[in-house]
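Shown next, in structure tokens, is the structure this report addresses.
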Amino acid sequence: MPATKEVKCTSGDCELDMFENHYTYDVAEDHSVSDLSCPLCGETDSLEVIEL
């Protein structure tokens, strides 16, 4: 099963508290959350993985 990561935006101006990122099997090995941007505010430096 491909990986799923729960991510939160920590930007003080953003109202999004969490989103899920679903990966495919062919995602690059070096892909990380730092390659993503918040789907609401567009910030790239304010994303953190939620560790369960």
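Just the heavy atoms: all of them, side chains too, but no hydrogens, waters or symmetry mates, feed the values below.
- Remark: Thr10 pairs with Lys8, Ser46, Glu48 by the side chain to side chain contact (heavy atoms under 4.5 Å, CB included) rule, at least two apart or across chains.
- Taking Ser34 as the reference, Ser32 meet the side chain to side chain contact (heavy atoms under 4.5 Å, CB included) condition, with sequence neighbours excluded.
- For Asp13, there are no side chain to side chain donor-acceptor pair (under 3.5 Å) partners two or more places apart in sequence or in a different chain.
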Report, one line per pair, each donor and acceptor closer than 3.5 Å where one atom sits in a side chain of residues 36-45; sequence neighbours left out.
none

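- For Glu20, the side chain to side chain donor-acceptor pair (under 3.5 Å) test picks out His22, with sequence neighbours left out.
- Atom CG of Leu16 is separated from atom CG of Leu47 by 9.0 Å, given to the nearest 0.5 angstrom.
- Tyr23 pairs by the ring-ring contact (aromatic ring centres under 6.0 Å, His included) definition with His31, not counting sequence neighbours.
- Scanning both residues, Asp30 and Asp35, for their nearest heavy atoms gives O-OD2, 3.9 Å.
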